[in-house]
Amino acid sequence: MTMKTSHAFLLAAAVLALLAAAPLLIPDYWTGVLLGMTGYVTLATAWAMFSGPTRYVSLATVAFFGVGAYTVAVLNETLPYPLVLLCAGGIGMVMALIVGFSTLRLAGVYFVIFTFGLAELVRQTVSWWEVNITYTMGRYVFLPFEGRHIYWQLLALAAATFLISWGIGRSRIGLALKALGDDETVAAHAGVDVTRIKLLLFVISSTIITLVGAIQAPRWTYIEPSIVFNPTVSFMTLIMALLGGAMRLWGPLVGAIPLFLLFEWLSVSFPDHFSIILGLLFILIVFVMPEGVLAKIETLRKGSPK
Amino acid sequence: MSAQLEISNLQKRFGGLVAVAGVSFSLAPGEVVGLLGPNGSGKTTVLNMISGALPCDGGTVRVGGADITRLKPHQVAKHGVARTFQLVRPLPTLNVAENVLLSLAFGKHRHWGKEARDRVEEKLEFVGLAGRGQEKVGNLTYIDQKRMEMARALASEPDLLLLDEWLAGLNPSELRIGIELVQHLQGQGMTVLLVEHIMEAVRALCSRCIVMSAGEKIAEGPSAEVLQEPAVIKAYLGDDHA
Ligand SMILES: Nc1ncnc2c1ncn2[C@@H]1O[C@H](COP(=O)(O)OP(=O)(O)OP(=O)(O)O)[C@@H](O)[C@H]1O
Ligand SMILES: [Mg+2]
């Protein structure tokens with residue numbers, strides 16, 4: 001490890017310690033904000049891990065997120081909590097494998113549509129199952145967690161996600177991902193097993209997303225499909241990653257923090273127009289900064305508008 | 001000694017169009033052989049079937065004795081086959097060195113780290129791009145992109161190189177450099193299948209030629225003789241000149 005990376009690690013550890021101590025110092029309301037923000041930072045970073053370099057724009061985020069939350073809702077009274085999380089991760093992983101196998105051949109817009117459809121399909125299936133098979137409309141999650149407990153779990157997951165993303169970026173898998181995002185044929189001819197690498201990354205990314213849903217579940221206390229399968233989660237994740245820049249390690253974080261705060265404020269101040277504003281923002285970001293803020297800053301600094 | 005490349009009765013249809021209609025030939029180790037033919041005669045399609053980019057409708061491909069007919073491109077690459085593309089295909093997100101590194105990292109020997117970086121520099125030097133690894137591929141001139149693509153192909157450490165009009169679009173002095181580069185490879189014992197329209201290059205490089213027309217092999221033999229055959233002249237220039 002070079003001097004520079006070891007310094008970066010020290011700094012990251014210090015920031016992490018500070019963030020972990022925060023709930024002990026700030027009012028509960030702000031812990032809640034921090035919690036939601038950490039959730040989205042993790043979602044956006046995990047999303048970008050796969051969708052950034054491969055450019056497979058996935059709208060399936062909420063499918064995995066919701067499955068994670070629902071797994072906790074179903075199992076929280078029968079299994080010890082760590083096992084519940086393990087189950088959620090396992091289910092997310094298996095689901096990602098199945099979805100990945102069947103869809104990663106689809107290119108461009110077909111993949112986008114499929115993943116959007118998948119999220120709806122999962123939501124409808126869960127609703128149907130609960131109404132017709134288990135006769136439950138909504139479930140309660142009773143776990144002895146306060147906001148800060150959930151926050152600490154999310155923070156640990158976020159740190160792990162960054163570590164994984166950083167590791168991938170430096171490995172040959174990271175190189176292969178960028179290459180296949182440019183040109184799958186060339187990557188394959190260079191010896192890259194394109195299907196396997198896409199599948200691997202889709203599974204890692206989706207499993208993390210499932211865990212975010214699972215860890216956040218106790219926060220709602222009451223869960224039903226329309227809450228945890230809300231497509232806004234997919235769109236917000238996407239827009240955050242795009243704003244910051246999905247090709248960079250820190251991009252999703254840079255996008256997620258301001259947008260989360262903005263959305264919080266908007267949903268409180270303009271609850272009726274929230275979706276419209278979200279849509280407009282989306283369009284604006286894609287038009288003005290298709291490569292993300294970080295790339296924009298870089299080109300501005302170099303002074304060449306290329 | 002077994003052939004480095006042996007294809008037999010290779011076939012490909014695109015809908016109603018028969019692009020390759022049962023082509024067979026083989027290359028001995030160390031041979032540089034030209035694959036010629038007018039536009040649309042099926043040369044690139046043959047290359048695509050060898051490299052695994054397109055599935056064959058019939059026939060077999062053997063490399064160093066192993067049947068690779070049904071393998072995917074990444075598996076074919078691990079059998080020591082590398083190629084360039086008719087239209088250069090640089091990977092723009094990666095810089096020049098990373099383009100080359102990709103083939104080293106996923107080639108037969110899966111090099112990584114310092115050793116891989118040294119080898120990248122070696123390959124870049126070989127094609128005349130020494131010290132230019134950190135440049136963006138988008139900033140390279142056409143010939144330099146072609147050089148980079150050659151370096152990327154060589155970086156997978158192949159035994160068989162498929163060049164699809166690698167010399168096309170170069171000016172006369174660049175062409176000379178390009179020919180010398182292939183001669184250099186020839187000197188190292190590389191087996192090369194060279195799809196080419198430029199006769200000067202074919203004469204300089206290929207002892208032997210295979211000529212295709214409308215999906216079929218119409219001639220094969222020593223370059224000087226094959227290029228004189230009436231059927232070949234007719235295929236290239238039309239009936240009037242035969
Ligand atoms: N993917 C494809 N789908 C449909 N038709 C194709 C495809 N690839 C090639 N063809 C057709 O097959 C025939 C052979 O094409 P091919 O590219 O192999 O010719 P070529 O000998 O390489 O020609 P050129 O010298 O112009 O490169 C052409 O008629 C072409 O239009
Ligand atoms: Mg061609």
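Labels below follow one simple rule: chain letters A, B, ... track the order of the sequence lines, proteins then strands, and each chain is numbered from 1.
Proximity of a side-chain donor or acceptor of B/Arg89 to a complementary backbone N or O of A/Val186 within less than 3.5 Å is not detected. Side chain of B/Lys72 to backbone of A/Asp193: no donor-acceptor contact under 3.5 angstrom is found.
For B/Phe25, there are no ring pair (Phe, Tyr, Trp, His ring centres under 6.0 Å) partners at least two apart in sequence or on another chain. Every residue two or more places apart in sequence or in another chain that forms a salt bridge (Lys or Arg N to Asp or Glu O under 4.0 Å) with A/Asp182 is listed here: A/Arg55.
When the shell of 6.0 Å around NE2 of B/His184 is examined, it contains 12 or fewer heavy atoms from other residues, nucleotides or ligands. More than 12 non-hydrogen atoms from other residues, nucleotides or ligands lie less than 6.0 angstrom from OH of B/Tyr142. The number of heavy-atom neighbours closer than 6.0 Å to CZ of A/Phe101, taken from other residues, nucleotides and ligands shown, is 12 or below.
Annotation: side chain of B/Leu102 is not in contact with side chain of A/Arg172 (no heavy-atom distance under 4.5 Å).
For residues 40-93 of chain B, the pairs satisfying ring-ring contact (aromatic ring centres under 6.0 Å, His included) are A/His189-B/Phe85, with sequence neighbours left out.
Looking at B/Ala105, the atoms closer than 4.5 Å to chain A (heavy atoms on both sides) sit in the backbone and in the side chain alike. Proximity to chain B is limited to the backbone of A/Ser171, based on heavy atoms less than 4.5 angstrom apart. Looking at A/Arg170, the atoms closer than 4.5 Å to chain B (heavy atoms on both sides) all sit in the backbone: N, CA, C or O. With a 4.5 angstrom heavy-atom cutoff, A/Leu177 does not touch chain B via any of its atoms. Using a 4.5 Å cut-off between heavy atoms, B/Leu101 contacts chain A through both its backbone and its side chain.
In this structure, CG in A/Leu175 is found 6.5 Å from CZ in B/Phe106, a value given to the nearest 0.5 Å.
Using non-hydrogen atoms only and a strict 4.5 Å limit, the part of residues 40-66 of chain B facing chain A consists of B/Ser51, B/Ala53.
Interface remark: of the candidates B/Pro92, B/Ala77, B/Gly107, B/Pro92 forms the most heavy-atom pairs closer than 4.5 Å to chain A.
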